[in-house]
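Report on the structure given below.
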Amino acid sequence: MCGRYILAQQAKFERAVQLGRVHWEFTARYNVAPSQSVPVVRAAEGMHEGVMMRWGLIPFFAHGVPPKYSTINATIEKLASGPAWRGPWKRGQRCVQLAAGFYEWHLEAAGGKQPYFIDLTDEPVFGFASLWDRSVGADGVAIESCALITLPANELLRDIHNAGAHPGRMPAILAPGQFAAWLDGTPDEARSALAAYPAQRMSAHPVSLRVNSPRNDGPELIAPLQQ
DNA sequence: CCAGACGTTGTT
DNA sequence: GTCTGG
DNA sequence: CCAGACGTTGTT
DNA sequence: GTCTGG
């Protein structure tokens, strides 16, 4: 769940989120894929700082080598127990991956997959609740990376995904006003910030299959599909 | 004891 | 089929 | 998440 | 690094 999303302009994020300092530089993107460098916010020295990190968490014990298994999403149920997540969770390495919308693929009766673009009706900018870690390679170079948290889907995302017997998953979405609870709270407070965002405050529409290729980018990717 | 995994989603 | 790259 | 590669020897 | 499986 949630393997592709979009970024707003850096200035737009910085207007929506109060940051003590920024160590980043990026432009608007309409097709961010795993393994790429993404802007995140984290608590540091009593403030919120903006930094770039690799999307796809490399555990500290992996010594800078990306695992063969997927670490782009962390299930909320395993935050404290999964080997890749419990270290960052215990150490309070929480962050927010800034976004302006994301994509999900709907499996159709005919077998095809139709991509949908999803965003929030009330918030032009939001964040995915995320964990980060630092891993030092054999060459001594440290890499910071992150994984966004998923939880049971609300009705909108459940429908987009599959109308099957089993409920799907959705990313843990934080409105800008909820960032502090996730970034600065106690572990209990942080966990309380993780809840399915209300479906009635989200919007979704089908988009072109052009989004399938991570090599495509541009505002046309989020345009509503003509029927 | 050592070896091997360490992850997610959605299924026939 | 399965892994890597984006 | 999906797309694209998946191999070798020897060199323009 | 740490847990599970054998």
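Remember, it's a predicted structure, so these values are computed and weren't measured experimentally. Proteins come first, then strands; the chains are lettered A, B, ... in the order of their sequence lines, and each starts at number 1.
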Between atom CG of A:Asn212 and atom OH of A:Tyr103, what is the distance when rounded to the nearest 0.5 Å?
10.5 Å
Distance check, rounded to the nearest 0.5 Å: A:Leu98 atom CG versus A:Gln10 atom CD?
10.5 Å
Please confirm whether the ring centroid of A:Phe128 lies under 6.0 Å from the ring centroid of A:Phe102.
yes
Does OP1 or OP2 of [N] have a side-chain N or O of [X] closer than 4.0 Å?
| X | N | value |
| --- | --- | --- |
| A:Arg169 | B:dT9 | yes |
| A:Lys78 | B:dT8 | yes |
| A:Trp85 | E:dG1 | no |
| A:Thr150 | B:dT9 | yes |
| A:Lys68 | B:dG7 | no |

What is the distance, to the nearest angstrom, from the OH atom on A:Tyr69 to the C1' atom on C:dT2?
18 Å
Please state how far atom CH2 in A:Trp55 lies from atom P in B:dG7, giving the value in whole angstrom units.
18 Å
Please report the distance separating the [atom1] of [N] from the corresponding atom of [M], rounded so that it comes out in whole Å.
| N | M | atom1 | result |
| --- | --- | --- | --- |
| B:dA5 | D:dA5 | C1' | 26 Å |
| D:dG7 | C:dT4 | P | 11 Å |
| B:dC2 | C:dG5 | C1' | 35 Å |

Are A:Phe61 and E:dG1 stacked, counting the six-membered base ring, centres under 5.5 Å, planes under 30°?
yes
Do A:Asp133 side-chain atoms and A:Pro59 backbone N/O form a donor-acceptor pair below 3.5 Å?
no
Taking a hydrophobic cluster as the set of Ile, Leu, Val, Met, Phe, Trp and Tyr residues connected by side-chain heavy atoms closer than 4.5 Å, whether directly or through intermediates, do A:Phe60 and A:Tyr69 fall within one such cluster?
yes
With a 3.5 Å cut-off and heavy atoms only, can you find an N or O donor on one side and an acceptor on the other between the side chain of A:Ser35 and the base of C:dG6?
yes
Across all strands shown, which nucleotide pairs with B:dC1 by Watson-Crick or G-U wobble geometry, both distances under 3.5 Å?
E:dG6
Against the side chain of A:Arg4, the closest entry in D:dA3, B:dG7, C:dG6 is C:dG6
Over all strands shown, is A:Gly87 touching base, sugar-phosphate only, or nothing at heavy-atom distances under 4.0 angstrom?
nothing
